[in-house]
Amino acid sequence: MINHLTLIQPDDWHVHLRDDAALITTVPAAARYFGRSIVMPNLKTPVRTVNDALLYRQRILQHRPKDSHWLPLMVLYLTDDTTKEDISAAKKSGFVQAMKYYPAGATTNSASGVTKLERLDPIFEKMQELDLILQMHGEVNDENTDIFDREAVFIDRHLRRIKEKFPELKIVLEHITTEQAAQYVEESDRYLAATITPQHLLYNRNHMFAGGIRPHLYCLPILKRDTHQKALIKASTSGSRKFFLGTDSAPHELETKESACGCAGCFSHHAALEFYAEVFDQVNAMHHLEAFASINGAEFYHLPLNQSKITLVREPWTIPDEIPFCGGKLIPLAAGMNINWKVKLP
Ligand code: NCD
Ligand code: ZN
């Protein structure tokens, strides 16, 4: 039995830090042991321009703990009005790592998202030319498609076409949730990769309705049936270079989740790496955790690996029931659950 594991310091390739008072919680949580975090741009007013990202980055860094070297990696939000000039400016900035596609209305703060994907073709062409990464929230958002099918339909309806038309555009399919996505990414070329969240590895849709409705497990793309959960566990723990850690940690205050129309998102930064360790350990794949958490993402983004190392130890502890957030509180992922792994900080 493995009782400890030392690995290259990991990165988080998908996180929602929010803004203002939320940064007091989210930034130190992100900086606790990750080297870098890809910061999603879906603020209430989205991060659309290089200047928006510059200012947001400064606000984030004000909350970075003093001795920390953690870095926020910035992303711009694609809209119907994004221009080729925006793409050139993003590339030139040196600190914008990617552009994020949200289908309009598909998820939290996506009202300004793209209404017709085909219209972005000239933008994708420019991104391909300049080698700027496209991150996709891979779901269709039409009323006629069942919520559980939205990712698989997105792949067939849109992603295949985009891959054919822009074969050298680097794409990250974010927070994949289905067997179809895992298989499509695995079989595709080196220009396509995917992030996988802890909630989609730990849970399936039954957990969302176990004994009643569980709003704190409601995230988008929504949890799927257990066969998909199994396929995601297999993909992430396989050692494949195409999958990497992206927590999608997305805090919401308790009242906004426990409501007649609760919003989507799970907060996982209280135990992010520990959750993944739990899953990898269960399938005897701890030896593949370093690739998934610390190597594959950096290689896809063409960034150097982190220099330092961190150690995970087998040391049972209990996830807290709640975490203070924005003057109120939030319920963290797996609240009250016992977990076997803990990151040992120096
Ligand atoms: C995210 C959020 O709350 O910002 N919610 C979620 O369910 N994942 C948005 C997103 O990543 O889709
Ligand atoms: Zn997200």
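Order of appearance sets the numbers: ligands from 1, and atoms from 1 within every ligand. Note: hydrogens, waters and symmetry copies are ignored here, and every other heavy atom, side chains too, is used. Numbering of residues begins at 1 and proceeds along the displayed sequence.
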Chemist: Is the cationic atom of Lys170 (NZ for Lys, CZ for Arg) positioned less than 6.0 Å from the six-membered ring centroid of Phe300 and within 45 degrees of its normal?
Modeler: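 Because its charged atom sits under 6.0 Å from the ring centre and within 45° of the axis, Lys170 does stack over Phe300.
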Chemist: Tell me which residues fall inside the under-4.0 Å heavy-atom shell around ligand 1.
Modeler: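 Ligand 1 pocket, heavy atoms under 4.0 Å: His14, His16, Arg18, Asn42, Thr107, Thr108, His137, His175, Cys219, Leu220, Asp248, Ala250, His252, Ala264, Gly265.
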Chemist: For the backbone of Ile310 and the side chain of Gln9, can you confirm whether one donor and one acceptor N or O come within less than 3.5 Å of each other?
Modeler: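 A pair under 3.5 Å: no.
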Chemist: Using distance only, find each side-chain donor-acceptor pair of residues 333-346 under 3.5 Å and give its atom names and separation, not counting sequence neighbours.
Modeler:
from, atom 1, to, atom 2, distance (Å)
Asn338, OD1, Thr318, OG1, 2.9
Asn340, ND2, Glu278, OE2, 3.0
Trp341, NE1, Asp281, OD2, 3.1
Lys344, NZ, Glu315, OE1, 2.9

Chemist: Using the ring centroid of each side chain, check whether His200 and His175 are separated by less than 6.0 Å.
Modeler: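 No, too far apart.
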Chemist: Just checking Arg160: does its CZ atom have more than 12 heavy atoms from other residues, nucleotides or ligands closer to it than 6.0 angstrom?
Modeler: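 For Arg160, atom CZ is crowded (more than 12 foreign heavy atoms under 6.0 Å).
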Chemist: Thinking salt bridges, do Glu186 and Lys242 make one under a 4.0 Å N-O criterion?
Modeler: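 Not counted as a salt bridge, because no side-chain N and carboxylate O are separated by less than 4.0 Å.
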Chemist: Tyr276 and Phe292: ring-ring contact (aromatic ring centres under 6.0 Å, His included), yes or no, with the steps?
Modeler: CA-CA 9 Å; Tyr276 289 106; Phe292 178 78; 5.3 Å; yes
Chemist: Show every salt bridge (Lys or Arg N to Asp or Glu O under 4.0 Å) that has at least one partner inside residues 137-155, sequence neighbours left out.
Modeler: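 Listed by first then second residue: Asp142-Arg157.
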Chemist: Closer than 2.8 Å to the Zn ion (ligand 2), what protein N/O/S atoms do you find?
Modeler: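 Listed by chain and number, the nearby protein N, O or S atoms are His14 NE2, His16 NE2, Asp248 OD1.
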Chemist: Are any side-chain N or O atoms of Ser110 and backbone N or O atoms of Thr107, one a donor and one an acceptor, separated by less than 3.5 Å?
Modeler: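 Looks like yes, one N/O pair under 3.5 Å.
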